[in-house]
Amino acid sequence: MSSELRRLRRARGLTTGDVGSALGVSQSKISRIENSQLGLHLEEVAAMLGLYHVSFTRREEILDMVRQAGKPGWVEVHGRGLSEQWKALIDFEKMATALWNYEPFVVPGLLQTPDYARAVIQMTDVRQRTDAEIETMVAARLDRQRILSRPLGADLQVLLYEPVLRMPVGGYAVLAAQLRHLAEVCRRSRVSVHVVPVAAGAHPGLESPFVIMEFESYSTLVYLENKVLSVFLEEEPHIDAYQLAWEAILASALSAQQSAEFIGQIVNEVTRQAKEST
């Protein structure tokens, strides 16, 4: 949101000082708004959009996002049981302009259906969680997906290793529904899904999943997670290593169109398996 305000200002050829003078506020306040250091207030954003001569339709879209941003999300209201690292991940996802997610084992959380998410949580957690704790984690995971429906949310690029599409997490019926959802997601303009076929052979993604997170005003981060901890990497050599890994894995992947067709074929296979298992 803040970066979009900066883009609109620059498109009009205005400086932060010009905007501050026109609106009767300091230049530093405009700068802090554009750098996400100050919260967005509806009246101030409306005045800025008017100064930038933004069209009525676009102005209403942005103002509606400001209204929605002022409402607490599920995590803010119910997320007491979540770890600080998980809350940090959610915050970074909201601020990111691009997310590059490689997954060799399961469909990424941002693209999971409720039943699939529930099955992943139940089957991978060695601790005995209560039903309430599991539902809290499922709801938090689904709440993260709101960034994909925001007009100014992050672009999501996903690399999936073929076994992800065939592992019957929760059973074949759950997997079939998940793959149909994935096929639908592939049609979104801001989501790109590429499948790495097993036939491509060994590649740098055989070790573990990772997420590269890019931002408008902050340095790139890499997010890693395992059974006992999660970590954000920010050192340049670490970032470079994962970016090189991404490029190498992508070179082994199918194109977006080929991937969509491949997913469609597996949907048909899994749907038949689901019928046979009932």
Side-chain angles (χ1 to χ4, degrees), residues 75 79-96 98-130 133-145 147 154 156-170 174-175 178 182 193-196 198 202-215 218-250 252-253:
V75 171
R80 293 181 182 177
L82 301 176
S83 70
E84 291 304 314
Q85 285 293 85
W86 244 73
K87 292 178 182 178
L89 171 64
I90 292 168
D91 287 340
F92 281 130
E93 286 177 340
K94 290 178 180 178
M95 293 188 291
L99 299 169
W100 303 0
N101 192 172
Y102 167 69
E103 285 289 347
F105 307 127
V106 297
V107 173
L110 289 174
L111 301 181
Q112 291 178 3
T113 63
D115 287 340
Y116 186 93
R118 188 174 295 107
V120 169
I121 292 168
Q122 289 174 328
M123 295 176 180
T124 59
D125 198 330
V126 296
R127 290 168 290 184
Q128 295 297 315
R129 295 186 182 272
T130 66
E133 288 174 328
I134 292 173
E135 291 309 313
T136 292
M137 296 180 70
V138 171
R141 187 162 299 186
L142 298 180
D143 186 70
R144 289 169 52 204
Q145 298 177 5
I147 66 169
L156 176 63
Q157 298 185 55
V158 176
L159 284 174
L160 290 179
Y161 195 31
E162 180 183 343
V164 172
L165 306 177
R166 300 186 181 279
M167 188 182 302
V169 174
V174 170
L175 177 60
Q178 172 64 73
L182 190 61
V193 177
H194 293 260
V195 175
V196 182
V198 171
H203 55 79
L206 295 178
E207 297 171 319
S208 62
F210 61 88
V211 182
I212 302 173
M213 315 178 83
E214 294 188 339
F215 306 90
Y218 304 97
S219 299
T220 300
L221 295 175
V222 169
Y223 177 72
L224 306 175
E225 181 180 351
N226 61 33
K227 192 170 293 295
V228 295
L229 58 84
S230 56
V231 63
F232 293 95
L233 303 179
E234 56 184 345
E235 297 294 332
E236 188 171 334
H238 298 158
I239 304 301
D240 290 343
Y242 278 94
Q243 289 177 332
L244 288 172
W246 176 274
E247 293 172 5
I249 300 168
L250 182 60
S252 299

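The nearest pair of heavy atoms linking R141 to A117 is CD-CB, 4.0 Å. The two residues A253 and L159 come nearest to each other via the heavy atoms CB-CD2, 3.9 Å. Taking each heavy atom of Y116 and L175 in turn, the nearest pair found is CE1-CD1, 4.3 Å.
Interatomic distance, T220 OG1 to H238 NE2, rounded to the nearest 0.5 Å: 14.5 Å. Atom CD of residue Q122 and atom CE of residue M137 lie 10.5 Å apart, to the nearest 0.5 angstrom. Atom-to-atom distance recorded for L224:CG and S230:OG is 9.0 Å, nearest 0.5 angstrom. Rounding to the nearest 0.5 Å places OG of S208 at 11.0 Å from CD of E225. The distance from the CD1 atom of I212 to the CG atom of L221 is 11.0 Å, given to the nearest 0.5 Å. Here the straight-line distance linking atom NZ of K94 with atom CG of D91 works out to 6.0 Å at 0.5 Å rounding.
Every pair passing salt bridge (Lys or Arg N to Asp or Glu O under 4.0 Å) that includes a residue from residues 105-124 is listed here, sequence neighbours excluded: D115-R118, R118-E135. Here side-chain hydrogen bond (donor to acceptor under 3.5 Å, both in side chains) pairs that include residues 239-248, with residues two or more places apart or in two chains, number zero.
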Between side-chain atoms of residues 99-111 and protein atoms elsewhere (two or more places apart, or another chain), which donor-acceptor pairs fall under 3.5 Å?
unit_1	atom_1	unit_2	atom_2	d
N101	ND2	F210	O	3.3
Y102	OH	G205	O	2.6

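Partners of E93 under the side-chain hydrogen bond (donor to acceptor under 3.5 Å, both in side chains) rule, at least two apart in sequence or in another chain, are R144. Not counting sequence neighbours, the partners of H194 by the side-chain hydrogen bond (donor to acceptor under 3.5 Å, both in side chains) test are S192. P204 is linked by a side-chain contact (heavy atoms from CB on, under 4.5 Å) to A245, A248, I249, counting only residues two or more places apart in sequence or in another chain.
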*asked:* Run Y223 and V231 through side chain to side chain contact (heavy atoms under 4.5 Å, CB included) and show every step you take.
replied: CA-CA 6 Å; Y223 177 72; V231 63; over 6 Å; no
*asked:* Run L182 and L160 through side chain to side chain contact (heavy atoms under 4.5 Å, CB included) and show every step you take.
replied: CA-CA 11 Å; L182 190 61; L160 290 179; 3.6 Å; yes
*side chain to side chain contact (heavy atoms under 4.5 Å, CB included) between V174 and V169, intermediate numbers included*: CA-CA 7 Å; V174 170; V169 174; 5.7 Å; no
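For the pair Q178 (side chain) and T113 (backbone), a donor-acceptor distance under 3.5 Å is present.
Heavy atoms of other residues, nucleotides or ligands lying less than 6.0 angstrom from CD of E133 number more than 12.
In this structure, the side chains of L89 and M213 come closer than 4.5 Å at one or more pairs of heavy atoms. In this structure, the side chains of H203 and V196 come closer than 4.5 Å at one or more pairs of heavy atoms.
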